[in-house]
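Please read all numbers here as calculations on a predicted model, not as lab measurements.
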Amino acid sequence: MSPATCDRLQHPHPRPGMLLLRQVPVQTAAEWDRTRPGFVAVDLVTHEGSVAGGEYACTLDVTDVATGWTETRAVRNKSQEHVVTALSNICSDLPFPLLGIHSEYGSEFMNNHLIR
């Protein structure tokens, strides 16, 4: 039996995050029109230094694939509420409509707030 099969048998129920991922319409980067502004890559950079715990500042970085247009916002922490608020503010400042987001699968991006 493979290690992956062992894992599936030990955890027969899908993790809550996986159920949420099924609700997100997904396109690969190859399916994006890289010449059309509005498809962005987002990343959350933490500024914790060598401190492993506690609350620390982050920077939300949003870069348009076609134009290179970049917007950044300071975010208090990685909470869904702060990240979605910052992303909403960035969307209102973009000179083009937001058409798609490429992000990591962290809970700061893959959550009900962002799906709405």
Using salt bridge (Lys or Arg N to Asp or Glu O under 4.0 Å) as the criterion, list what pairs up with Arg36, not counting sequence neighbours.
-> none
Work out which heavy atom in [X] is nearest to a heavy atom in [Y]; give both atom names and the distance.
X	Y	value
Thr46	Cys58	CG2-SG, 3.7 Å
Pro37	Ala66	N-CB, 3.9 Å
Ala86	Leu60	CB-CD2, 3.8 Å
Val62	Leu87	CG2-CD1, 3.8 Å

Passes side-chain contact (heavy atoms from CB on, under 4.5 Å), Asn77 versus His82? Steps please.
-> CA-CA 7 Å; Asn77 56 37; His82 291 304; 3.0 Å; yes
Quick one: side-chain hydrogen bond (donor to acceptor under 3.5 Å, both in side chains) partners of Thr59, sequence neighbours excluded?
-> His47
With sequence neighbours left out, what residues match Thr63 under side-chain hydrogen bond (donor to acceptor under 3.5 Å, both in side chains)?
-> Asp61, Thr70
Show me the donor-acceptor pairs, under 3.5 Å and distance only, between side chains in residues 89-101 and residues at least two apart or in other chains.
| unit_1 | atom_1 | unit_2 | atom_2 | d |
| --- | --- | --- | --- | --- |
| Asn89 | ND2 | Thr85 | O | 3.4 |
| Ser92 | OG | Asn89 | O | 2.8 |
| Asp93 | OD2 | Arg73 | NH2 | 2.5 |

